[in-house]
Number of protein chains: 2
Amino acid sequence: MKDAAQKSLSNSQRALQELRRMIFAGELAGGTDHLESELADRLGMSRTPIREAALTLENQGLLELRPRKGVRILPVSPSDMREIYEVLTALESQAAEQAAQRGYSEADLSELAAAIEDMDRAVADQDLEAWAEADNRFHAELVRLGDNNRVASIFNMMNDQVRRARMTTLYIRPVPTKSNADHRAVYEAIRQGDAETARRRHREHRQHAKEILIELLEKHRLNRL
Amino acid sequence: MKDAAQKSLSNSQRALQELRRMIFAGELAGGTDHLESELADRLGMSRTPIREAALTLENQGLLELRPRKGVRILPVSPSDMREIYEVLTALESQAAEQAAQRGYSEADLSELAAAIEDMDRAVADQDLEAWAEADNRFHAELVRLGDNNRVASIFNMMNDQVRRARMTTLYIRPVPTKSNADHRAVYEAIRQGDAETARRRHREHRQHAKEILIELLEKHRLNRL
DNA sequence: GCATTCATTAATGCATACGCAAATAAATGC
DNA sequence: GCATTTATTTGCGTATGCATTAATGAATGC
């Protein structure tokens, strides 16, 4: 057996990751309804694991279980975007502060630095996909350095909720040149153990991102992603 | 029918609220394991609604589903306490800032003021239960004024997770006299629309509370509540 | 023509059943 | 007596069936 990684996933788990994938891929678009039995057929399993997965996804804010109407894929409105970015702002800047206080070595921060480098390169190459990927990596790594599992898990939830919105705005938003100056400033503050600055700069960074995105959504009338 | 409030709760919902109650009441103590079938018998229903409720409670961080071992009620360690209070600190001070920016009238803030009054009275009366209740009310109201559903829902989750710990520490902690000065300062800042001060003061308040509580837990060797 | 009631349909909530795999106990070999 | 294998138990994952109840459409009265 060349494939060492045994793929013994339970049907519930498969349902969970499949539904997630379908939601992110837009196969299940925001605002649409889908019957449990239909999804069960689609994934070739019974309603039971589908229901369990749906329950979890409901708790994670990706969909809603409405009796008799099926599961409703939750669309994201500008107001949701505001809420989500406020949460991300608060938690990530908390993480930045913690990271700075922890006194990480330069080696510990190499992943962060690499993400910044990649973003620079991506901007130079005009490769927005690569930029988005590196940007995510930066934020995720920052959260990881913050060393708080609950913060990390909420961060992931919020990111999942805005994933579709980010994808659609990626190509209509201004080129993220200013962003990288922010990232560098945060990185520098963490490296120097300046917790207050790290927090403040990251806060400003996210707040700015929030404003840009919400303006963009409203300008383009993207009220339900 | 004199009882107007129809109690047509589904079994899942009953399971959910019953399990929650049992966890908070200590009937299901932190760290203990319980089989699905046992809980089903106990609540007089089949495993299906129990599993659904357990799934939800797992997502909310109150328990863990471990195959063959049953559901494990998650104990809270000092490290968990640190994580939770960091989240609460970040989100509540965000709420305080938002509340200040929203420019609420004095009337809008009456609930907040009332909670502060009640805390004063409770401290004077040496009524710790009443103080804890009013303190909760203050924080919950602050979050409500922050006007962010996601923040509110995470706030509730985190509060649930520390509920048992708070109850046990309530009678061994120092009398919360300083607390109220903080609350007043936050209230004042919000009333005056001073967002920066509101945020900073609330941050300090929560950070202080975190330190007190963690010290207390460690001093008394309360490692698994 | 419109509203109201009734019948029908259909999706869910939940109980139940069962196969599988993990944990435990028993049995066998050394 | 100890280790290793085999048998047994047991709890879970999941499929299935059914009663309940909301939603839809038909029928009736005004």
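All chains are named by letter (A, B, ...) in the order of the sequence lines, taking the proteins before the strands, and each is independently numbered beginning at 1. Note that this is a predicted model, so its numbers are computed, not measured.
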Length of the [atom1]-[atom2] vector between [X] and [N], whole Å:
| X | N | atom1 | atom2 | answer |
| --- | --- | --- | --- | --- |
| Glu52(B) | dC12(D) | CD | C1' | 16 Å |
| Ile50(B) | dA15(C) | CD1 | P | 9 Å |
| Asp41(B) | dA15(C) | CG | P | 12 Å |
| Leu16(B) | dG13(C) | CG | C1' | 15 Å |
| Arg14(A) | dG13(D) | CZ | P | 15 Å |
| Leu9(B) | dT20(D) | CG | P | 18 Å |
| Glu36(A) | dC14(C) | CD | P | 12 Å |
| Arg68(A) | dG25(D) | CZ | P | 16 Å |

No-H, no-angle donor-acceptor pair, Arg47(B) side chain to dG13(D) base, under 3.5 Å: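 Such a pair exists between side chain and base.
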DNA chain D: 5'-proximal contact among Lys69(B) and Met45(A) (nearest heavy atom):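 Result of the comparison: Lys69(B).
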Sugar-phosphate, base or nothing in reach of Thr48(B), heavy atoms under 4.0 Å: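 The residue Thr48(B) makes base contact.
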Options dA15(D), dA23(D), dC14(C), nucleotide nearest the side-chain atoms of Asn11(A):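 The nucleotide sitting nearest to the side chain is dA15(D).
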Closest nucleotide among dA15(C), dG13(C), dT14(D) to the Ser10(B) side chain: dG13(C)
Salt bridge Glu27(B)-Arg21(B), side-chain N to carboxylate O under 4.0 Å: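 Yes.
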With distance as the sole test, does [X] use its side chain to make a donor-acceptor pair with the main-chain N or O of [Y] at under 3.5 Å?
| X | Y | value |
| --- | --- | --- |
| Glu52(B) | Ser12(B) | no |
| Glu215(B) | Ile212(B) | no |
| Glu58(A) | Glu64(A) | no |
| Asn159(B) | Asn156(B) | no |

Side-chain N or O of Arg51(A) closer than 4.0 Å to phosphate OP1/OP2 of dG13(C): yes
